[in-house]
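Chain A is the first sequence line, chain B the second, and so forth, proteins listed ahead of strands; every chain is numbered from 1.
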Protein chains: 2
Amino acid sequence: MVTDKGGRHRNPLAALGEFIQKKGLKHSRQRDAIARAFFAMGGHVPVDALVARVREQDPRVSVATVYRTMKLLAECGLAVPRRFGEGQTRYEPSTRRHSDAHDHLICTSCGEIVEFESDRISELQLRVARRHGFEIDRRRVELYGRCSDCRRGTSKGESIA
Amino acid sequence: MVTDKGGRHRNPLAALGEFIQKKGLKHSRQRDAIARAFFAMGGHVPVDALVARVREQDPRVSVATVYRTMKLLAECGLAVPRRFGEGQTRYEPSTRRHSDAHDHLICTSCGEIVEFESDRISELQLRVARRHGFEIDRRRVELYGRCSDCRRGTSKGESIA
DNA sequence: TGTCATCTTGATAACGATTATCACTATCAA
DNA sequence: TTGATAGTGATAATCGTTATCAAGATGACA
Ligand SMILES: [Mn+2]
Ligand SMILES: [Mn+2]
Ligand SMILES: [Zn+2]
Ligand SMILES: [Zn+2]
């Protein structure tokens, strides 16, 4: 058992293995490589970056397989897909050390992503929703602006429009 | 002058005309029809729905022109583009009667969209951002769940997955 | 009212991220 | 080892949107 009471995983690779077993799926070199690369990268990983990383080890893995594997990781709760309005999906690991109930600050100048979590805000949102008869099960909160570095011009590069 | 002190417009069609003049652009039957249809529909209009509506009057307007015109309306602050994670862009009017600083509750079952505005929440978000050195200029807050109708099964149809 | 530079339009090709398809290969329980 | 089943890679397809470009419309000015 690699899943603790909270439903989160101390060892994501083992948890993936367990999930694969349970579902009658099969292990594969590619899935292992992709999951390994993903958890080694950390952060908010765009799929194409993950593809590049995986191909350093095995140049033949196809993009299709990377997409399929990330979808699998999302399905078993080890990864969370994020869309920060760049038209591309990013995935971030969802481990017990790292709650996926957080929100994001995104610098529109350098692309930096900062995470934050505010129970105050979440609580108020739930309350507003309830007042309108809604029962919330997914939130999407993204705050776009400029980080301190970019505002003072010390920026690492004006990458994002 | 059809723009009041707040920068919002009592007559969006006239405001569009003004903008077109000022920018050295030209008036056109299509732009007028599209803008008219858009403001007549109200709400959060998907582009394809707008295309359909416009074509009831003039079957030859091309999708390209509708996209171009909506981009124009956005440029002059008369419309705001929204992406509610369905892969398609919706536009909503931005008039003085209707602030575009609001957020959305979206029913994942019937697709209903309810607007809300909470100064409490916005204030807390700005504060959190500031604490991280960010200066926010755009927010994206969407709360997904089920509306009261859908929860009690009286639903108007399980349209959205 | 006509001219003409400039803008706009419609049809359609292109785009980019993601998914579907399908022939072939790998896995694994028996 | 086998055979049923799942996974893979290459690539076509999808879908919303944008780019392209030849043809048409607009409007300041003569
Ligand atoms: Mn995150
Ligand atoms: Mn709205
Ligand atoms: Zn920055
Ligand atoms: Zn509903």
Taking all non-hydrogen atoms of both residues, which atom of Tyr91(A) and which atom of Ala74(A) are closest, and how far apart?
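For Tyr91(A) versus Ala74(A), the nearest heavy atoms are CE2-CB, 4.2 Å.
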Shortest non-hydrogen separation from Cys107(B) to Cys147(B) and the atoms involved
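In this case the closest contact between Cys107(B) and Cys147(B) is SG-N, 3.3 Å.
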Return each pair, listed once, that meets salt bridge (Lys or Arg N to Asp or Glu O under 4.0 Å) where at least one residue sits in residues 22-46 of chain A; pairs must be two or more places apart or across chains.
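The answer is Arg29(A)-Asp58(A), Asp32(A)-Arg36(A).
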Tell me what [X] touches on the nucleic acid: a base, only sugar-phosphate, or nothing, going by heavy atoms under 4.0 Å.
| X | value |
| --- | --- |
| Arg68(A) | base |
| Val61(A) | sugar-phosphate |
| Lys23(A) | nothing |

When you list every nucleotide of DNA chain D with an atom under 4.0 Å from a heavy atom of chain B, which one comes first 5' to 3', and which comes last?
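Endpoints of the contacted stretch of DNA chain D: dG16(D) to dG27(D).
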Is it true that Glu123(A) and Arg127(A) have a side-chain N and a carboxylate O under 4.0 angstrom from each other?
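Salt bridge between Glu123(A) and Arg127(A), a charged N being under 4.0 Å from a carboxylate O: yes.
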Presence of salt bridge, Arg146(B) and Asp137(A), under 4.0 angstrom:
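Arg146(B) and Asp137(A): not salt-bridged.
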Contact interval (first through last nucleotide) of DNA chain C with protein chain A, 4.0 Å heavy-atom:
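On DNA chain C, the outermost contacted nucleotides are dA17(C) to dC28(C).
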Applying ring-ring contact (aromatic ring centres under 6.0 Å, His included) as the test, list every pair that has at least one member in residues 102-133 of chain B; sequence neighbours left out.
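Sorted result for residues 102-133 of chain B: His44(B)-His104(B), Phe84(B)-His104(B), His98(B)-His102(B), His102(B)-His104(B).
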Let me spell it out: for each of His27(B) and Gly87(B), pick the nucleotide of DNA chain D with the closest heavy atom. Which residue's pick is nearer the 5' end?
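It is Gly87(B), whose closest nucleotide lies nearer the 5' terminus.
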Here's a test of your reading of the structure: between Thr69(A) and Ser28(B), which maps to the more 5' nucleotide of DNA chain D?
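It is Thr69(A), whose closest nucleotide lies nearer the 5' terminus.
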Heavy-atom contacts under 4.0 Å between residues 30-50 of chain A and DNA chain D, which residues?
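Of all residues in residues 30-50 of chain A, the ones placing a heavy atom under 4.0 Å from DNA chain D are Gln30(A), Arg31(A).
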Between Gly24(B) and Arg55(B), which is nearer to the 5' end of DNA chain C once each is assigned its nearest nucleotide?
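Whichever sits nearer the 5' end wins; that is Gly24(B).
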Ile121(A) side, atom CD1; Arg139(A) side, atom CZ - distance, nearest 0.5 Å:
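Separation between the atoms: 8.5 Å.
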Euclidean distance, Tyr67(B) OH relative to Met70(B) CE, rounded to 0.5 Å
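These two atoms lie 11.0 Å from each other.
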Run the side-chain contact (heavy atoms from CB on, under 4.5 Å) check on Leu73(A) and Ile34(A) step by step: do they pass?
CA-CA 10 Å; Leu73(A) 287 180; Ile34(A) 293 165; 5.6 Å; no
Candidates Val47(B), Leu50(B), Val51(B) - the one meeting side-chain contact (heavy atoms from CB on, under 4.5 Å) with Val63(B)
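Exactly one candidate clears the test, Val51(B).
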Mind checking salt bridge (Lys or Arg N to Asp or Glu O under 4.0 Å) for Arg82(A) and listing every partner two or more places apart, or none if nothing turns up?
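Glu92(A).
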